[in-house]
Amino acid sequence: MRAWLLLASVLFTTTTTTTATAADRPPAALQAVLQAAEGRPVYVDFWASWCVPCALSFPWLNSVLHRYGGEVVVVGVNVDEKRSDADRFLMRHPAEFELMFDPAGEIAAHYRLQGMPSALLLSANGEVLWQHSGFRKDEIPDYEAAILSALK
């Protein structure tokens, strides 16, 4: 899975707006995050230790937490098979946002991710409001526009 996601992250960078169905309910681990978010939207960022754009996204994710922290929840979901790989990455690229670990890739598979990093913006009830694959600094205004739209 790692090699496929790496290739896809290099080849594809896409943004989509989508509507979830009842069959698309978030996995249990994310349902717990949604409950704890108490009605706020949740920005879910999927990352891996081997993903170069993931390292570039962490400073921006930390800034999102500081600027919108009271209004939006930021969660990073790591998909490394070994927790030690994730821990080494975090030593170099600290996360100030909540972290989850998904070594079997179950959450990532549920959302049919096409690359690393990938991000979802979930409504308070778990509906996918926005989805993005890849991370490019020149697209940060688009990412922030999605967050601001969810806050309205």
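What you see is a predicted model, and the numbers here were worked out from it, not measured in a lab.
- Inter-residue side-chain proximity for Leu121 and His132 is flagged as unmet; no heavy-atom pair is nearer than 4.5 Å.
- A side chain to side chain contact (heavy atoms under 4.5 Å, CB included) with Val77 is found for exactly one of Val44, Leu99, Leu120, namely Val44.
- Taking the six-membered ring wherever Trp is involved, the centroid distance between the rings of Trp60 and Tyr43 falls below 6.0 Å.
- A distance-only check finds no donor-acceptor pair linking the side chain of Asn78 to the backbone of Met100 [under 3.5 Å].
- The side-chain heavy atoms of Leu30 and His110, taken from C-beta on, include no pair separated by under 4.5 Å.
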Quick one, Arg136 with Asp138, criterion salt bridge (charged side-chain N to carboxylate O under 4.0 Å, His left out). Give me CA distance, side-chain angles, the key distance, then yes/no. CA-CA 5 Å; Arg136 294 178 46 155; Asp138 62 333; 2.8 Å; yes
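- In this structure, the side chains of Pro41 and Leu151 come closer than 4.5 Å at one or more pairs of heavy atoms.
- Tyr111 and Pro27 make their closest contact through OH-CD, 3.8 Å (heavy atoms, listed as atom of the first residue, atom of the second, distance).
- Considering only residues two or more places apart in sequence or on other chains, Gln31 meets the side chain to side chain donor-acceptor pair (under 3.5 Å) condition with Arg25.
- When all heavy atoms of Pro26 and Leu34 are compared, the pair lying nearest together is CG-CD1, 3.7 Å.
- A donor-acceptor pair under 3.5 Å is formed between the side chain of Ser57 and the backbone N or O of Cys54.
- A distance of 6.0 Å or more separates the ring centres of Phe89 and Trp50.
- Between Phe135 and Tyr143, the ring-plane angle classifies as tilted under the 30° and 60° cut-offs.
- The salt bridge (charged side-chain N to carboxylate O under 4.0 Å, His left out) test applied to Glu71 returns no partner, not counting sequence neighbours.
- Taking Asp45 as the reference, nothing meets the side chain to side chain donor-acceptor pair (under 3.5 Å) condition, with sequence neighbours excluded.
- Checked by atom type and distance alone, the side chain of Asn125 pairs as donor or acceptor with a backbone atom of Glu127 at under 3.5 Å.
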